[in-house]
Amino acid sequence: MKYKRILLKLSGEALMGEQQYGIDSDRLMQYSQEIKEVAALGVEVAVVIGGGNIFRGVQAEQVGLDRVQGDYMGMLATVINSMALQSALEKLGVYTRLLSGLNIQQVCEPYIRRRAVRHLEKGRVVIFGAGTGNPYFTTDSAASLRAIEIEADVVLKGTRVDGIYSADPEKDPNAIFYSNISFKDVFEKGLNVMDMTAFTLCKENGLPIIVFDMNTGGNLKRLVQGEKIGTLVSMEDLAESIEDAVNEIQASEGGRISDKN
């Protein structure tokens, strides 16, 4: 198995399916089935879902609400989505735990890192709701933070496109697809992968990100089994530098050996 422990990031908008708002039951069950299949392989799965299908904190200012209040409203929207996913997974016989960054004891466990890791070790799918529990932080940032805290092998960002392009492929037919790209190149090219806080967290902790099409059945399973799907964002530039250094050392040692002969 390519990955032992993953953090799957889903957007709230993805749960809408073809609807204009809310939760599409067919899409919800599709995602749940995908997660079940991966968990059945022995992969430890954690999930973070956005709340954009219900409410986004940035919408608050547009209607005259306080931004901080709006962000808390957005966190509650993520809890609603998390509860929906939890229910769908349990209908499929998957053991789950919902941990919240906000204290909502009636429906969620409070987020405690060691408890989250223990749930994962027991084979339960862990869903992180309410973001980081703090305003001004997106669910992308929450996904990166939680992934680092639980020592996940990778952040898998499920989207409706098949990876990262040089431009929006739905608007620019000449957009270039990247199968592999370094954190450095993503930054220099100004590509939109995650918000800067989330992206920087992953970069500084050497945590790879894979952006892939979650709506294509079987993609998640094939990805964790090692197939090259979507776009891998990693410390490729560092890896190349190390490889070059190793090659130089080997070439130098080879030269000395041949001199002795």
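Within the 4.5 Å cutoff, the side chain of Arg27 has heavy atoms near those of the Asn215 side chain. Residues Arg160 and Met214 have side chains not in contact (no heavy-atom distance under 4.5 Å, counting atoms from C-beta outward). Within the 4.5 Å cutoff, no side-chain heavy atoms of Ser179 are placed close to those of Lys228. Counting only heavy atoms from C-beta outward, the side chains of Thr197 and Thr138 never approach each other to under 4.5 Å. Put simply, the side chain of His119 reaches to within 4.5 Å of the side chain of Glu109, judged on heavy atoms. With contacts defined as side-chain heavy-atom distances shorter than 4.5 Å, the pair Asn81/Ile23 qualifies. Taking 4.5 Å as the limit, some side-chain heavy atom of Leu15 sits within range of a side-chain heavy atom of Tyr31. Between Leu92 and Met29 there is a side-chain heavy-atom pair separated by less than 4.5 Å.
No donor-acceptor distance shorter than 3.5 angstrom exists from the side chain of Arg222 to the backbone of Glu227, with no hydrogens or angles considered. Of the possible polar contacts, none joining the Ser87 side chain to the Met83 backbone as a donor-acceptor pair under 3.5 Å is found. Judged purely by atom type and a 3.5 angstrom limit, Gln225 has no side-chain atom pairing as donor or acceptor with the backbone of Lys2. Not a single donor-acceptor pair under 3.5 Å links the side chain of Ser82 to the backbone N or O of Ile127. One N or O on the side chain of Thr78 and one on the backbone of Ala130 form a donor-acceptor pair closer than 3.5 Å. Under a 3.5 Å cut-off, the side chain of Lys4 and the backbone N or O of Gly42 do form a donor-acceptor pair. Checked by atom type and distance alone, the side chain of Asn53 pairs as donor or acceptor with a backbone atom of Gly22 at under 3.5 Å. For the pair Asn134 (side chain) and Thr132 (backbone), a donor-acceptor distance under 3.5 Å is present.
One hydrophobic cluster, built from ILVMFWY side chains closer than 4.5 Å, holds both Phe212 and Met1. One hydrophobic cluster holds both Leu10 and Tyr3 under the rule that ILVMFWY side chains link at heavy-atom gaps under 4.5 Å. A single hydrophobic cluster is not seen to contain both Leu8 and Val161; linkage of ILVMFWY side chains at heavy-atom distances under 4.5 Å, directly or through other members, places them apart. Leu98 and Val107 fall within the same hydrophobic cluster, defined by Ile, Leu, Val, Met, Phe, Trp and Tyr side-chain heavy atoms under 4.5 Å apart, directly or through other members. Under a hydrophobic clustering in which Ile, Leu, Val, Met, Phe, Trp and Tyr are joined whenever their side-chain heavy atoms come within less than 4.5 Å, directly or via other members, Leu191 and Phe177 fall into different clusters.
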Any chance you could lay out the side-chain contact (heavy atoms from CB on, under 4.5 Å) test for Val38 and Leu223, step after step, and finish with the verdict?
CA-CA 10 Å; Val38 168; Leu223 202 160; over 6 Å; no
Take Ile104 and Leu76 through the test side-chain contact (heavy atoms from CB on, under 4.5 Å) and record every step on the way to the result.
CA-CA 10 Å; Ile104 315 175; Leu76 295 177; 4.1 Å; yes
Residue pair Ile35, Val94: steps toward the side-chain contact (heavy atoms from CB on, under 4.5 Å) verdict
CA-CA 9 Å; Ile35 293 170; Val94 179; 5.7 Å; no
What's the verdict on side-chain contact (heavy atoms from CB on, under 4.5 Å) for Lys184 and Phe187, showing C-alpha distance, side-chain angles and the deciding distance?
CA-CA 5 Å; Lys184 178 182 178 182; Phe187 179 76; 5.9 Å; no
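To the nearest 0.5 angstrom, Asn180 atom CG is 10.0 Å from Ile164 atom CD1. Separation of atoms CG (Asp172) and OG (Ser166) is listed at 6.5 Å; rounding is to 0.5 Å. Going from atom CD1 of Ile148 over to atom CZ of Arg113 covers 11.5 Å, rounded to the nearest 0.5 Å. If you take CG on Leu232 and CG on Leu156, they are separated by 10.0 Å, rounding to the nearest 0.5 Å. For the atom pair CD1 of Ile54 and CD of Glu13, the computed distance is 10.5 Å after rounding to the nearest 0.5 Å. Remark: Ile209 CD1 to Lys203 NZ distance equals 11.5 Å, nearest 0.5 Å.
The ring-ring contact (aromatic ring centres under 6.0 Å, His included) check on Tyr111 picks up Phe128, with sequence neighbours excluded. Applying the ring-ring contact (aromatic ring centres under 6.0 Å, His included) criterion to Phe137, with sequence neighbours excluded, gives no partner residue.
For the residue pair Ala147 and Val155, the shortest heavy atom distance occurs at CB-CG2, 3.6 Å. Heavy-atom minimum distance, Lys189 versus Ile181: CD-CD1, 4.2 Å. Scanning both residues, Tyr21 and Met16, for their nearest heavy atoms gives CA-SD, 3.5 Å. Scanning all heavy atoms of the two residues, the minimum distance from Ala116 to Val126 falls at O-CG2, 3.9 Å. Arg146 and Gly101 make their closest contact through NH2-CA, 4.3 Å (heavy atoms, listed as atom of the first residue, atom of the second, distance). A pairwise comparison of heavy atoms in Ser100 and Cys108 identifies CB-CB, 3.5 Å as the closest pair.
Sorted by first and then second residue, the pairs that involve residues 121-140 and meet salt bridge (charged side-chain N to carboxylate O under 4.0 Å, His left out), not counting sequence neighbours, are Lys9-Asp140, Arg118-Glu121, Asp140-Lys157.
Atom CD of Glu188 has more than 12 neighbouring heavy atoms from other residues, nucleotides or ligands inside a 6.0 Å radius.
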